[in-house]
Amino acid sequence: MGLGLGPFELVLIFFVMLLLFGAKRLPELANGMGKGIRDFKRALNGVDEQSIQANAQQNYLAQPAVPVQGATVAGEPLAVEGEPRRLS
């Protein structure tokens, strides 16, 4: 196995951790370690919750407005993008 640890050493380490923290705390500790590693990897890649939200908001604002069929402004129909607007 990696780091020169055999099966006996791993069982011994697990047994010591079980004695130190108890059976109830081990899953909580493992869950916390997993979240910490995940957050660390995201930070290395430059991805965090704020950048995800900012990117989603930027994509939302960058979407072109789709005109509604038959919509009018001041009694005149809206011009579709690329279509010239009539001047009266």
Side-chain angles (χ1 to χ4, degrees):
M1 295 190 98
L3 302 175
L5 296 176
F8 178 73
E9 287 87 2
L10 291 175
V11 170
L12 184 64
I13 290 171
F14 178 75
F15 183 70
V16 169
M17 288 182 66
L18 186 64
L19 286 175
L20 290 175
F21 298 111
K24 284 187 174 183
R25 294 281 317 255
L26 280 181
E28 293 173 9
L29 290 172
N31 190 14
M33 285 179 58
K35 286 182 181 179
I37 292 171
R38 191 176 321 119
D39 290 341
F40 180 72
K41 286 182 180 180
R42 285 183 180 169
L44 285 179
N45 293 332
V47 179
D48 59 355
E49 296 299 323
Q50 289 177 347
S51 64
I52 292 171
Q53 290 174 355
N55 191 17
Q57 184 179 14
Q58 183 181 16
N59 289 342
Y60 175 76
L61 295 175
Q63 293 176 350
V66 178
V68 177
Q69 194 72 350
T72 61
V73 172
E76 295 183 20
L78 288 175
V80 178
E81 196 171 312
E83 183 179 308
R85 192 165 189 194
R86 295 182 189 168
L87 297 175
S88 307

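Values below: every heavy atom of this structure, side chains too, minus hydrogens, waters and symmetry copies.
- Applying the 4.5 Å side-chain rule to ILVMFWY residues, one finds Phe15 in the same cluster as Leu19.
- In this structure, the side chain of Glu9 engages the main chain of Gly6 through a donor-acceptor pair within 3.5 Å.
- Placement of Leu12 and Leu5 in two distinct hydrophobic clusters is found when ILVMFWY residues are connected by side-chain heavy-atom separations under 4.5 Å, directly or transitively.
- With hydrophobic clusters built from ILVMFWY side chains whose heavy atoms lie under 4.5 angstrom apart, Val16 shares a cluster with Phe21.
- In this structure, the separation between NZ on Lys35 and CG on Asn31 is 5.0 Å, given to the nearest 0.5 Å.
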